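When a ligand or atom number is given, it counts from 1 through the structure's own listing order. The shown structure was predicted, so the numbers you read here are calculated from the model rather than taken from an experiment. Note: hydrogens, waters and symmetry copies are ignored here, and every other heavy atom, side chains too, is used.
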Amino acid sequence: MINSETIKQILEHYRVVWALGHAGSVMGWDSETYMPEEGIKGRAVARAEIAQLIQRFMLDEKFVKLIEKAEEERDLTDVERGIIRVLKRDLRFYQRVPPEVVRELAKVTSEAFVAWRGAKEKARFDLFVPYLERIVELTRVVAEKLGYEEHPYDALLDLYEEGLTSRDVEAVFSVLEPGVKSLLYKLESRGWPRRHPLEDVPYDKAKVEAAVMEVLEFVGYPKARFRVDVSPHPFTVGIATPFDVRITVRYRGVDFREPLFSALHEYGHALYELNIDESLAMTPVGSGVSLGIHESQSRFMENVVGRSREFAAKISPNLRKHLDFLAKYADDDLFYYFNVVRPSLIRTEADEVTYNLHILLRYRLERLMVTGEVKISQLPELWNNEMDRLLGVRPRNDAEGVLQDIHWAHGSIGYFPTYTLGNVVAAMIYYKHGKIRELVAKGNLASVKEYLREKIHRWGSVYPPKELLSRGFGEAYNAEYLVKYLDEKYR
Ligand code: MG
């Protein structure tokens, strides 16, 4: 797949960048799982040094020249073109955004994280305001330096989802907002469960862990390339994609849906990395292409497969074997427990019907923040009014409102819409395939996974997100499928 001599030289140099990234991933994974608390004192320094080394290798003059040279070459293969595209994207950020801005942003966000945690504990947004003001100011500079065609927010969207614009996001929400609101209204009149007694049932952690592992075995993972550990916030990491991919789960002791579905969610992310073509390993195109496409894979596994009636029936014996308290519930109960729909205040606890309205709210506020149309101090009031308008619930304080997410403290503005894209694409895949639930009912997960591998996974980052979707499915972010999927499921 690599014919160009120039690209071969590029890959040789890039191997060092990859190796440094690999070391950084192992450290990151260890920090979240097994590292003793005070280990952070050494780890933080080591990780910062490694990040700097990566930047130095990326900006190496000879390397940059090679990339420019390769760009001029004709007859490049798709993989070769992908390699150049991805490297140019990385370089663009380093070259356009002044190092002082990057450093300042790193400093402010590390202070902001501490401030945000304290502000959230006290439910006082005012304590966080000066930090967020500074982050938004710096983010505006980043957007201006990166450049955009129509709206500064587009420059930020593109950081997380290559090629995504406000127009795309508007198009998605103009379908989702009315679709979801009318569905919510219908569900209320039909008496769809808003609560289930199993939500309050405490569980034995070891037993739920055993059940979750059996479910993961049912969906099938490669034992020599995958592992599961425990961490405070579940995540997936491709340590050496596709040879070593890991997920984490958390067990809180009540409401076993949480570990079950977060395991399936992370497994969806992991499967993407595990199925990337081995020939792309250790190259710039050797991992998942974007946050939105990644989230589509996790949401597909968690919601489309995991929360289907067929899946609930299929895994019911595994769950019952370990969880005695299920004896008095039918399989249908499991399905309703997995699919309770209730407008709520916290995004991460939202069901698949209401979830995207939480994102719509954040998207609207972020755009206003970036243009300066709203003062940061006004955010809580705007947030609360918008929650009321979209979901009919009103936060009692800032902790369960504007302060709930970590993203802004991290400086991640423009990130939230990728969650909704994930949901949109997951529903699209469901209809494009057409027989997913039949396959799940037969226990034929291998066939489902093969479809995902062929359409999405194997390509890594060879094609940008919209092109990948157009090639596989003939269109990109069409939200009609998601509205149809929800309408049919919650009928
Ligand atoms: Mg995810």
_Is Glu266 close enough to the Mg ion (ligand 1) that one of its N, O or S atoms comes in under 2.8 Å?_
no

*Inspect the contact between Arg342 and Asp351 and indicate whether a charged nitrogen and a carboxylate oxygen are less than 4.0 angstrom apart.*
no

*What pair of heavy atoms forms the shortest contact from Arg307 to Lys489, and how long is it?*
O-NZ, 3.1 Å

*Short check: any N/O/S atom of His294 below 2.8 Å from the Mg ion (ligand 1)?*
no

_Tyr267 (side chain) donor-acceptor with Gly220 (main chain) under 3.5 angstrom_ = yes

*In His269, the N, O or S atom nearest to the Mg ion (ligand 1) is which?*
NE2

*asked:* Need the atom name: nearest N/O/S atom of Glu295 to the Mg ion (ligand 1).
replied: OE1

*Can you name the nearest heavy-atom pair linking Val142 to Leu105, along with the distance?*
CG2-CD2, 4.2 Å

